[in-house]
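Working notes, structure below.
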Amino acid sequence: MATIPARNDRRIIIHLVCPPPAGQDYDCFYASVFEVEQPALKSLPLAVQQKQIVVTCNYEARRRGLHKLQLIKDAKRICPDVVIVLGEDLTKFRDASKDLYLFTRNFVWGGRVERLGFDEQFLDVTDMVDYNTGILNPNDLSSSFFHLDPKDPTAGFSYDATNFYGSTYPSTPEKPPKQEATRTPLETKLLVASHLAGYIRSQLENEKGYTATGGVSTSKLLAKLVGSVHKPNNQTTLLPPYETGTDGTRSNITQFLDNHEIRRIPGIGSRLAQKLRSRVAGESSEEKLTVRDVRLFPGMGPAMMERTLGGPGAAKGIGMRVWSILHGVDNTEVSEARDLPTQISIEDSYGRGRLDSIEKVRRELIILTTSLIRRMRTDLLDKGEDKMSQPRWLAHPRTLRLSTRPRNGPETDGVRTYNVNRISRSAPLPTFIFHLDENVESLAERVAQDHLLGMFRKLHAEKAGWDLGLMNVAVTNMVESAGDQKQSSGRDIGMMFRRQEAVLREWTVHPVDPTSTAAGYGEYHEQNIEPPNLEAAWEEDEEEPETEFFECGICGAAMPHFAELAHSMFHEAGNGRDHSA
DNA sequence: GAGTAGCAG
DNA sequence: GATTCTGCTACTC
C-alpha cells in the first residue's frame, strides 16, 4: 500500500453554490441575478447573452432545451419566446457576488470564507461547530440551540440535533435515527454543521432571495464534491466512517470518490485528465475514466503519478498531490477573506474583421482602458468615511499587461495541436493612471496611446494581415499601500516586529556582507511581509519622492516615515535603546 | 519582472 | 473542442 499524507479531519468545511447547479456543472448565477432583480422573470425562459452565445440560462429555459454556451440563433430557434438579456458587463454580477459573500461572512467566526468564482463559497466553520458540539445536552438533543455568537446567548437558532439537516451520503432513509451515544465525535460535528449549513442557506434565501446547494465535510475537496449529490436547493453531508476500518468497513470517502469521473475532480483539469487517460486507458480511448480506474491501475502510486503528470512546466509535487486527492486527502486551507484582488482585467472579443487595423485597435484599447480605470477606482480606492477625507488608493498595481488572441491562434508550432491562444506583453504601469483629478476618458486615451499601442506593436509587428479575436487589458502585480493607520493598527504585535525587522534591514548598510540584501529580500517572501513601500513614489509621476525622515526619541535611529509606527511599537513593547536585545 | 500554462466558474 | 469574461497560482526564463 503506497503512502498518502494523513488526512486532517479536524476541520469542518461547508461549500455553498449559489444558486444551485441544476445539472452537470450547470451554473446559472447570472440568470439568478436577473431573477432576483425582476422576480417576474422566474417563470419565463431567460437566457443571458454574451456576444453570439447564451452563457447561462434559468431553469425554465433549460426545461425548454436551452443550455449553457449555446449559440443565440440556436436558442431562438429552439425556444422562440426566450427572453434574452445582455450580460457582457459583469458589474452587476460582481456586486451581487460580493453582497452574498459579505452576507455569509457575517455568520462565520473569524470571517473564514473563501470565494471561488462568483457563485461558490467555502466556509471553515470548525470553531463554531466545535463550540456548539461541546455544549450539546445529550438528554435533550431535539431542542438544541446553535449559538452564532458566544457573547450573545440570544443569537442563534433552535434545531433538532437527533438528525442531520438535509441529505447525507450515503443516504440512510431506511435506518432509524441513531442515538447520540452511538455517534462518533466526527459524526456529531458533521451533524451540527449540517444544521448550520441549513440555517445559512435559509437566511440566504429569505434575506437575499438566492437559493443555494450545500456540501458538508472536512475539506474543500469533499465538501464541494458531496454538495452536488443532491440538487437543486438541497444540501448533502458526507457521513463517516472516513477511514477504512480494520474490520473491513469501507471508508465512505473511497466509496464516494471512486465512482467519480476523473475529470470531475477539482484540480484535475482537461490536461491532467488527458494524461491520466493515456496512461491508464491507452492513447486514443474515448471511455470515461473513474477515480477507481486510476487508483487501482497496476503499479499506480505517487511515483507513477509523478511520471505520468510531471515534466517540464508541471507543478512541483503534482504526483503526490493528485494521488492524495484521489484518496480524498485535501489539506488546503480555506483562505482568509481577501479584500483586494491580485489583478483586474477587462477584455472583449471581436468578430472577423472587427479588429484588423491599428485605428480600430486604438479605439478599442481606449474603451477597454476606460472600463479598467473605472474598475480600479471602484475596487482599489478607499472613498473615505466622511466627505472631508480624501479618497485613497488601497493598492497600486505595478504592471500593465496587454493580451491578444489572434483569430487562428499564434504560429502553429506543429507539435502541439491544441490552441495556446493568448499572447501577451507587459510593461510598468504608468503612475499617472492613479490621478484622480483627471477624467477617466482622457487618462484612458493617454494610457492607450502612449503605452498600450507600443505594446501592441511588439505583439503584432506586421502592419497588417492580422485579425484579432480578443483583446484584454490588465493591471497586475498589486502592491498594497502600507502605512494606512486603519490597516496597521489592526495587526498584531508580532506582525509589527517582523515588519520592523524587515524595514530596518532594508535601510541598514552592510558593507562587509554582500548576501544581506538577498537574505532580507527572501524574508519578505517567507513571512509574507510586504517590502517597504514608498507611498510617496506613487503619488507623483515624474518627481523623485521626498522621503521624510523620522528620528526616534528613544534610540536615535533615523528612518523613513513609513517605518515610524512599527518602530514606536517596537519600543512600546518594552524594548529599550539596544535593538540587538 | 515578463510571459506562459493550466486551473477554476 | 471551443465558444464568454474573467481571476488565481505556479511554472520557465
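Letters A, B, ... are given to chains in the order of the sequence lines, protein chains preceding strands, and every chain is numbered from 1.
A:L470 comes within 4.0 angstrom of no nucleic acid atom, judged by non-hydrogen atoms across all strands. Residue contacts shown for A:I346 are limited to sugar-phosphate atoms, with no base heavy atom under 4.0 Å away. A:A314 comes within 4.0 angstrom of sugar-phosphate atoms only, judged by non-hydrogen atoms across all strands, and of no base. Among the heavy atoms of the strands, none lies under 4.0 Å from A:K275. Within the 4.0 angstrom heavy-atom criterion, only backbone atoms of the sugar-phosphate kind lie near A:G267; the bases stay farther away. No contact: A:R401 has no heavy atom under 4.0 Å from any strand.
Closest approach of A:L340 to A:E480, counting heavy atoms only: CD1-CG, 3.6 Å. The nearest pair of heavy atoms linking A:M471 to A:E364 is CE-CB, 3.6 Å.
Residue A:S349 places at least one side-chain N or O closer than 4.0 Å to OP1 or OP2 of C:dC5. Look at A:R425 and you'll find a side-chain N or O under 4.0 angstrom from OP1 or OP2 of B:dG3. Distances shorter than 4.0 Å separate some side-chain N or O of A:S426 from OP1 or OP2 on B:dG3. Dashed line: the shortest gap from a side-chain N or O of A:K224 to OP1 or OP2 of B:dG9 is under 4.0 Å. Taking only side-chain nitrogens and oxygens, A:R407 never comes nearer than 4.0 Å to OP1 or OP2 of C:dT3. An OP1 or OP2 oxygen of B:dG6 is reached within less than 4.0 angstrom by no side-chain nitrogen or oxygen of A:S270. An OP1 or OP2 oxygen of C:dG7 is reached within less than 4.0 angstrom by a side-chain nitrogen or oxygen of A:S345. For C:dC5, neither phosphate oxygen OP1 nor OP2 lies less than 4.0 angstrom from any side-chain nitrogen or oxygen of A:N472. For B:dC7, neither phosphate oxygen OP1 nor OP2 lies less than 4.0 angstrom from any side-chain nitrogen or oxygen of A:R263. Put simply, A:S424 has no side-chain N or O that comes within less than 4.0 Å of OP1 or OP2 on B:dA2.
Checking B:dG9, C:dC11, C:dC5 against every side-chain atom of A:E347, the shortest atom distance belongs to C:dC5. Across C:dA10, B:dA8, C:dT3, the shortest atom-to-atom separation from the side chain of A:A315 is found for C:dA10. The listed nucleotides are B:dG1, B:dA2, C:dC8; the one nearest the side chain of A:R398 is B:dG1. For A:V55, whose side chain is taken as the heavy atoms from C-beta onward, the closest listed nucleotide among C:dT4, B:dA2, B:dT4 is C:dT4.
Aromatic pair A:F29/A:F34: ring centres not closer than 6.0 Å.
Here the side chains of A:S97 and A:D119 are not in contact, with every heavy-atom distance at 4.5 Å or above.
Residue whose closest nucleotide on DNA chain C sits further toward the 5' end, between A:K51 and A:Q343: A:K51. Both A:G311 and A:G469 lie close to DNA chain C; mapped to their nearest nucleotides by heavy-atom distance, the more 5′-ward contact belongs to A:G469.
Going from atom CG of A:N421 over to atom P of B:dA5 covers 10 Å, rounded to whole Å.
The local environment of CD in A:Q52 is sparse, with at most 12 non-hydrogen atoms from other residues, nucleotides or ligands closer than 6.0 Å.
Taking the C1' atoms as reference points, B:dG3 lies 23 Å from C:dT4, given to the whole Å.
Note that A:R446 lies in the cation-pi zone of A:F432, set by a 6.0 Å cut-off to the ring centre and a 45° limit from the axis.
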